[in-house]
Structures are given as C-alpha cells and as structure tokens.
Number of protein chains: 2
Amino acid sequence: MGHQERGAREATPAAGDMSAEEFRRFGREVVDWVADYLARPERFPVLAQIEPGQLRSRLPSTPPEEGEPMSRILEDFERLVVPAVTHWNHPSFFAYFATSASAPGILGEILAAAFDNKSMLWRTSPASTELEEVALDWLRQLMGLPEEFGGVIYDTASVATLHAVAAAREALNLRVREDGMSGRADLPLLRLYASEQSHSSVEKALIALGLGQRSLGKVPADNEFRMDAAALGHMVEEDRRAGHLPFCVVATVGTTSTTSIDPVPEIADICAREKLWLHVDAAYAGSAAVAPEMRHVLGGCERADSLVTNPHKWLFTPFDLSALYCRRLDVLRRAFTLVPEYLRTPEQEVVRNGSDYGVQLGRRFRALKLWMIIRYFGAEGLASRIREHCRLARLFASLVEESEDWELLAPVPFSVVCFRARNAVEGETDAERAARLDALNERVMNGVNSTGEAFLSHTKLKGVFTLRLAVGNIRTAEAHVLRAWQLLNEQLSKLG
Amino acid sequence: MGHQERGAREATPAAGDMSAEEFRRFGREVVDWVADYLARPERFPVLAQIEPGQLRSRLPSTPPEEGEPMSRILEDFERLVVPAVTHWNHPSFFAYFATSASAPGILGEILAAAFDNKSMLWRTSPASTELEEVALDWLRQLMGLPEEFGGVIYDTASVATLHAVAAAREALNLRVREDGMSGRADLPLLRLYASEQSHSSVEKALIALGLGQRSLGKVPADNEFRMDAAALGHMVEEDRRAGHLPFCVVATVGTTSTTSIDPVPEIADICAREKLWLHVDAAYAGSAAVAPEMRHVLGGCERADSLVTNPHKWLFTPFDLSALYCRRLDVLRRAFTLVPEYLRTPEQEVVRNGSDYGVQLGRRFRALKLWMIIRYFGAEGLASRIREHCRLARLFASLVEESEDWELLAPVPFSVVCFRARNAVEGETDAERAARLDALNERVMNGVNSTGEAFLSHTKLKGVFTLRLAVGNIRTAEAHVLRAWQLLNEQLSKLG
C-alpha cells in the first residue's frame, strides 16, 4: 500500500503459511488502510468510473509461477483494484438499497475469517451455532416478533426465500421431497402469489425449485404499490376452480422499488382461511421495526409462517447475513435434513445442526458480527440510526415536494425516495413527451453518477422512469443528502 | 482482549459509525490477536470441549438497550466465545476435510468486508466481476482444465452443484423454467446418477430442485469405492426402458469418505453416448491438480459439462469460495437470468452480471482473496503445499500399515487416510465382534478428540466404523501428524 517501498520483497515461504509476524505487519497495514478508507471515503468516486474490461486488461492472463511479496500485491490492489470498486460503503451511495459494513461488523468479519468455521454441525462450531441462536433471538425481540419464531441465518434473502418456499411446499405433504414432481400425473399445478412489486428472488426461487414461472400468480398492486388483497382472494378462488393448488403467499414489507408495504393483516386473513403458507419478505424494511415507533410496519407479520430480514441491508452488518424466521422450523428441517454417516454425532438429538435447515452444508460464522453489532450500538443506538435515515429521506422528499422542477412518485414510508424531474419537454404526442421526459431523467441520473460524488439508481413506476434515492449507509449524514440534491439540480439545469 | 483494561469504556457514538480512530485501534488489536492465534493455535483445544448450551446459557437472553464499549465486547469474545470454537484453522484439525484460512486470504477478507460489495452486476462491482474472471481463469489453468470452461464463484459446492444440476435440467428444453414440473402429465421421471459414495449435496440438490430423492440413481461402487461405470450404463438403459428420462451424471473426484476417484473417462463415454450432462464434483480433490504430477486425477474431466472445486477446501482460501466451471455457461444463464427494471444497466449487453448465473443476487467480493492467495504463493508454492499434504498422508498410512494394531481401509490417493484399530475383540458371533470393534474404534476416536490435541472424524465403509485422518491445513506439519499417531496409540493401549 501507499507507504510500502515499491519493489520491496519479503521472502515467500516454501511451506506453511505466511509467518505470524508478517501477518501482523500486513494486517496492521490493511487495518490502517481500512481506517483511512472509512474516514475519507469521499476521495473515491462512489460509482467506479471505468470501462468494462479495463481491470481485466491490466492483469496478467496467466498465474504467477513463483510467489510474490505481499507488499507488491497490496500495491497492485491499490493501484488496479481499488479504482474498479463501486463503493457500497460510501455515505453517498444512494442506489438500490444503500447498506453498510459498520466498523464493529468489520472487526467481527476479521475474527470469523481467522476461525474459518464451517458451521454445519453444532460440534463443528458450537460458538457459531449458539451465537446464531442468541443473536437471532435478540434481533427477533428488537423487531417485536413473537417468541415462536425460530431463526436461521442464510447468506442472502434470495436463498432464505427459496428455503421458505421449499418449506411451504413440504408442508403440503405431497411427498415432493421423496418423489419429486416429474413423472407425476397426480400433482396439480402448485400456485404461489406475490404482488407485481415483489422482488425477483420470488420468481427465481420458483424457477430453482422446479415450480416454474407458471406457478407464480402476480397479484396487481394498488395505486400506492401495495398488493391488492381483494385481487389476491379472487385469484386464489379462480385457481381452485381451475383445479390448481394454491400453497403460498409472499407479502412484502418494503418493496424494492418504492418500499411500499403490502396489507399483511388482510393477506394473513386470506392465508388463514385458505390454509396458505404466508412468507413475508421484509429483507429491507424489517430493520425499521427496531425503532419502537415504527414497529407497526410489521403489523400482521406475527401471523406469518416465515419472514426474512437482512441485517446486511439496513442493520449495518457486513454482507452477507440474511435472517429467516419461521414458526415451523420442523417443516423446514423435514424438507432439508439429510445426515450421512460421516456427519453423525453423539449429541445430534439435543443440539441444532445448521445444515439440517438448508441446501448449504458449510456455513460461515456469521452470527459473530451480528452479535458484536447489536452489543456495540445497543437497541437504542440501532433505532436512532434507522430513525435518522428516515428523517433524511423525508427531508429529501420535502425538497422534492417544494420544488417546481421535481415531483415525488411514491409515498416515503422508510428511507427511500422515488422521484423525477418534471420539466416541460416538447413532443408531438403524449407518448413522445413521456419518452423524452424518461430520457431526460435517465441523463440526469447518469450525469450525477458520472461525477463520482453520489450514486443513484432507477426503477420504473407505472411505466415511468423513476429516480430513487435510498438512504441506508451508517455514515450518511445530512450533508451527503443535500449534496445529492444539489448535484441533481445542477444536472437538471445543464440538461433540462 | 487480554491487554485491554477490564471495564474501560469508550464512548459509543449516538449517530454514525464507530470513529475511524477507534476502528484503527481495535482493528490493530484484533489483527494482533489473530497473529497470536495463527502463531500458537495449540493453546486451544481443536475440538471445543464444552457441553451443548454452555455458551448460550452464559449470554444475556435480551439485547442490550444501550451500546457497550468494544473493549468489553472483545473481552467477552475471548472469555466466552473462543472456548466454544472448534478450531478449523488449527494444524491438528484432521476431521472431515481439513481446510485453512491462510494469512494472505484473511487479509483479502478484511478488505472485502470493508468494501461490502454486492457483486450482482458488473456496475455494482466491476472489480469483483473482473477479478472473478481473472482469478478463476488462473485457477482453471493451474488445474489444467480446457479454455472453454468459464467459471462462476458460489458460496459452497452444495450451491454450485445445485446450479449445475439446474443447468442440466434446463438443457433438456422441457420448459421447466417456464412451466415447472407440477401439474404436468407430459413429463417423464427425470433421473440423475451418482455413486453411492457421492456427497449428500447431490441428493439435497435434487430435493431442492423439486426432482426428489426418487430421481437419484445411486450407482454401486467397486471395492475401492469408485463408481462402477458398467453398472451406470445398465441403470441408464433400464431407466430408458421404463420410460424415465436420464439427464445427468455426477462423478466424483475425491469422494468425501475415502477420496476415491470415479472412472471419469468411462463415465464421460457413457454421457456422450447417452447425451447426459456430466457434472464432476471435485470439491476437495480438484486442488490436487495444481501439482503437475497429480493433474492426471482430473483425466476425463476435460469432457465434463461442469465441474466444481472448492478453493476453500484445499487451496488455503478462507470459507466460503466454491468455483463452478462450465462449458455451457449460456445454459446456466438461461436457467437463472431474470432482470427486473431496477437492475437494468446500459452496459448489460457487453459485461457479465454475476446474478444472471444463479439464485443469489448479491454476491460477496470473494475473488479478491483467491487472487491474493494465488499471487502470494504462486503456482509452485501452492503445488508444493498440496504435495506435502499428500506426503504426510502417505507417511501416516505407512505407520498404519507397519503396525500390528491398525489397518488401512481404503487406498490413499490424496491427503486422507481411512483406517481403524484391528484389535482382537471377544464376542460370540461375527456380528458381535464387529460391533465391539466398531465401538472400540469410536471410543478411541472420542478419546483422542477429548484431549483437545487433535480432532478426527469417522465414516462407515462397507458397514465398518472407519477413522479418517484428513490433512489439509496449511500449517499442518509432520510433527502434528506424528502426534496424532501417538495419541491414537495411547488411546488404543488404554481402551483396547
């Protein structure tokens, strides 16, 4: 890195690992680099300003025959790799869902990397297994979810949702685990329902699970992007009449485009009546419930069969850590447990073995960082940060609302604002004007992103190109949001 | 940690993150702790010597309301968490497949944690996308695999195999992605074949994918635990006669119990003739091919459709990083791509977006550690370590062979030895004597593991309780293997 002498060579060992002393030296150097990075992220453009293939073309196409000194590797890291990084951990990252690896979480990751646990069995990592139970139960309490919800950590919400839907399928008792679904004339078409605003991971789960895109009932959303519960009821009825088998509903609290909240209480009523598994995707917005005054956003979720929330989204936890809560862990276990002889242990009847609950056998020691984060910030510290992010989003929304040049395109229940420039544009037809306005907004977004000072992404709402400003990074302060507003206005005056 | 003053309190910030200065201080402390850990792992028992529930019972059942100082959290980490860790990164960890997080890999993990990338699109992490292409191509060359093999990084081999089997299913062009498999009388029973020694992840993949356990044809193994290719041929024929649809074979190079090598060339012939997707599970043993004189173990794999190898197993890479190579990446992409509006980018036609290739949308910056490891050790450095591990296994096997008290139960092609004590035991019947010998071996294993000096695991071979000594940790030296041998003999004299 910067202060290493260029070309300095350490001996690469012929056997064994790097020496502990060398690790100590470079570890400190790397930690110092990270400390500087966290202190002054603004020295890097948020969105990497490079062309496709640029990094690859600068790296040798063949691996080195001899080992190289770590100082040279770190030099190349800084010179070649860093400019190709899009900085998710930058306070002006406002795209997608903004996230952060908080410093206490990074400390947890260092320790977890050194242990290199594979938490497949209690025995192979009692600490990971038990800390997972403790940290997930703490998080459950912080979110106000009922005690019957047991938790399992997965890597991502996509994987957690896949497991939840698999459990819903298993709960049908159709011997899908044993007999599968191919070559069976006895199986009706299984149907799962999610709003048209639901995350693509729901459809991907259905593809992977062999249920297919045809099994997805896309429920229309209302004017504020919430699932239309009445429409859901009708679709279930129609499917039953057609001889299909409705089995699951995925409701979303905090949809990806607008963070809208599906009417979970009404959906839960339908699920109860129709005996459907209710899975709630609260990957982003579940964290909001940590703030007591926002806990109501999970209203109805206490009746869900499963719920996923991602501490790596809005709870300052380094990626990846997704928490699935499930009131029927036994069903999830039944769907996935498979214990070969070499994994049998004397204590297997009295402990929880993580690999019983999913596709993955090995599992990282993810609970450590979550446990450290909850302790370091405390319930109140986490809540105050969530609260501040919502305040910043409302502040930004109010600037949009007060401006002649911009308009909001969706309500702002959390920390994401959907908006666009509403300049008068010329065109012969409505369609032409609409297309030009879309193009203008896209150019404004690209203009802001190319400054490297802020990074926003887009979605489409009712066919309209929509800018999104998502607040979620722990280091985002009012100044960053105000600067984004300024950049947007600068681009608009230039391009509008 | 140790040298922190007990009860010292730092201010926990009310907003934002831990300060960069505080991170620097605790980061250095954590790095120093890890350096000491790597230097003297022997101060910890390899297998955690605790009772189920012990850690959980020592932790508060509710989360803290106020934030706590990091010094106190690290103190609790050392006092409560560390004793509950089973030390995978300990040189006397000989259980399952022994693995290691090498020091250069840990450095990579620190940087990746700080960046907190979600490499779903090229744009969201050009560095991760392009370094993945470069590092996987380097690894491909190191293993001597053909240029047509493109690579994708997943978390685990279980997930990689699930994706490979999903691609095989997609290659059938039966519209499983679109229409699924339920409610379809037109679909025959799909059949996949793997040896009875194959890893449980194959069966789990079939369960998850909705193909079910019934779709698995378990091919018998020969006397040396290799798939019987002739039997495979017969099973495929019989299934065709029964109207089923054979679609995939999973061959294993380095099975989990004995590291046996399926006859891939013969299997590849059958797959070519029968037009079956050939997936090779080389999760453990693929790394051996990095040593040129062992490259032959992948003979025939150049004809596979896909192959998985785990750098996190035997290439000194911190967990998790599993590499799937596939000569038909387009099929894998077709199975899984799904791009909602909010993920569309201007460059999507000219770049590779990782999320197109799988269930997971977000993906960690895993390539960084692999790139650093290959550079730090170099091709020759990696090969020499693999070679040394195989030498240590052969050394241990020769001690077993030369002893009256022990016997080998399988060939030793790599770095794993299957063996048992063969003491004369008393009993009325053969079955009784066999059961007592099994019990004795289990007691010997538990005895060794309870010393905390070494950790071995078991399997069953031909119904016989079998001890396994797996060498794979980068810090394992001859002394560790000899000490394990001594401990085994001590336990045997005590119990035999």
Side-chain angles (χ1 to χ4, degrees), chain A residues 17-18 20 23-24 27 31 34-35 38-39 48 52 55-56 59 63-68 73 81 84-85 88-89 101-103 106 109 113-114 116 126-127 130 134 138 156 179-183 185 187 189-190 200 210-212 214 318 338 340-342 351 360 375 377-378 381 459-460 474, chain B residues 17-18 20 23-24 27 31 34-35 38-39 48 52 55-56 59 63-64 66-68 73 81 84-85 88-89 101-103 106 109 113-114 116 126-127 130 134 138 156 179-183 185 187 189-190 200 210-212 214 318 338 340-342 351 360 375 377-379 381 459-460 474:
Chain A
D17 197 5
M18 171 189 272
F23 173 78
R24 192 185 310 271
V31 159
V34 171
L38 298 178
L55 172 60
R56 198 179 44 215
L59 296 172
E65 189 56 32
E66 305 286 330
E68 300 180 67
I73 299 169
V81 177
V85 171
W88 284 78
N89 217 6
S102 65
I106 297 170
E109 285 288 61
D116 202 33
E130 299 194 11
V134 170
W138 286 5
T156 61
D179 298 340
M181 297 185 292
S182 71
L187 280 188
L189 174 66
L190 272 60
S200 56
L211 293 161
R214 192 168 67 123
L338 198 66
E341 177 61 35
Y342 48 81
V351 295
Q360 285 118 335
R375 289 193 60 175
F377 294 109
T459 187
K460 275 196 177 161
I474 197 168
Chain B
D17 197 4
M18 171 188 272
F23 174 78
R24 192 185 310 271
V31 160
V34 171
L38 298 178
L55 172 60
R56 199 179 42 216
L59 296 172
E66 304 286 328
E68 300 180 67
I73 299 169
V81 177
V85 170
W88 284 78
N89 217 6
S102 64
I106 298 170
E109 285 288 61
D116 201 34
E130 299 196 9
V134 169
W138 286 4
T156 61
D179 298 340
M181 298 185 292
S182 71
L187 280 188
L189 174 65
L190 272 59
S200 56
L211 293 161
R214 193 169 67 122
L338 199 66
E341 177 61 35
Y342 49 81
V351 294
Q360 285 117 335
R375 288 192 62 174
F377 293 110
T459 188
K460 275 195 178 162
I474 196 168

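The sequence lines fix the lettering, A, B, ..., with proteins before strands; numbering per chain opens at 1. Everything quoted here is computed from the prediction, not taken from an experiment.
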Please state whether the side chain, the backbone, both or neither of [X] comes within less than 4.5 Å of a heavy atom of chain B.
X: Val34(A); value: both
X: Thr156(A); value: side chain
X: Glu109(A); value: side chain
X: Pro340(A); value: side chain
X: Leu59(A); value: side chain

Side-chain donor/acceptor of Glu130(A) to backbone N/O of Arg56(B), under 3.5 Å:
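A pair under 3.5 Å: yes.
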Can you tell me if Asp17(A) uses its side chain to pair, donor with acceptor, with the backbone of Ile474(B) under 3.5 Å?
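Not at all, since once roles are kept as given, no pair shorter than 3.5 Å links the two residues.
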Side chain, backbone, both or neither: which part of Ala114(B) has a non-hydrogen atom closer than 4.5 Å to chain A?
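Both backbone and side chain.
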Who passes side chain to side chain contact (heavy atoms under 4.5 Å, CB included) against Ala127(B), sequence neighbours left out?
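If we apply the side chain to side chain contact (heavy atoms under 4.5 Å, CB included) test to Ala127(B), skipping adjacent residues, the hits are Leu55(A), Val81(A), Ala84(A), Val85(A), Phe365(B).
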Qualifying residues under side chain to side chain contact (heavy atoms under 4.5 Å, CB included), relative to Ala20(B), sequence neighbours excluded:
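Ala20(B) satisfies side chain to side chain contact (heavy atoms under 4.5 Å, CB included) with Ala39(A) only.
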Please determine, among [options], the option with the most heavy-atom pairs under 4.5 Å with chain A.
options: Gly27(B), Pro52(B), Ala48(B); result: Pro52(B)
options: Ser182(B), Gly180(B), Ser200(B), Ala35(B); result: Ser182(B)
options: Asp116(B), Ile106(B), Leu189(B); result: Asp116(B)

Is any side-chain heavy atom of Asn89(B) less than 4.5 Å from a side-chain heavy atom of Leu38(B)?
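They are in contact (side-chain heavy atoms under 4.5 Å apart), so the answer is yes.
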For the student: nearest non-hydrogen atoms of Ile73(A) and Arg375(B), plus distance
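Closest pair (atom of Ile73(A), atom of Arg375(B), distance): CD1-CB, 3.7 Å.
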Restricting to non-hydrogen atoms, name the atom on Leu187(A) and the atom on Met181(A) that form the minimum distance, rounded to 0.1 Å.
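Answer, listing the atom of Leu187(A) first, then Met181(A): CD1-CG, 3.6 Å.
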Heavy-atom pairs under 4.5 Å with chain B, option from [options] with the top count:
options: Gly212(A), Gly378(A), Pro63(A), Gly210(A); result: Pro63(A)
options: Ser102(A), Pro318(A), Gly183(A); result: Gly183(A)
options: Val134(A), Leu338(A), Leu190(A); result: Leu338(A)

Does CD belonging to Glu341(B) count more than 12 external heavy atoms closer than 6.0 Å?
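Check passes, neighbour count above 12.
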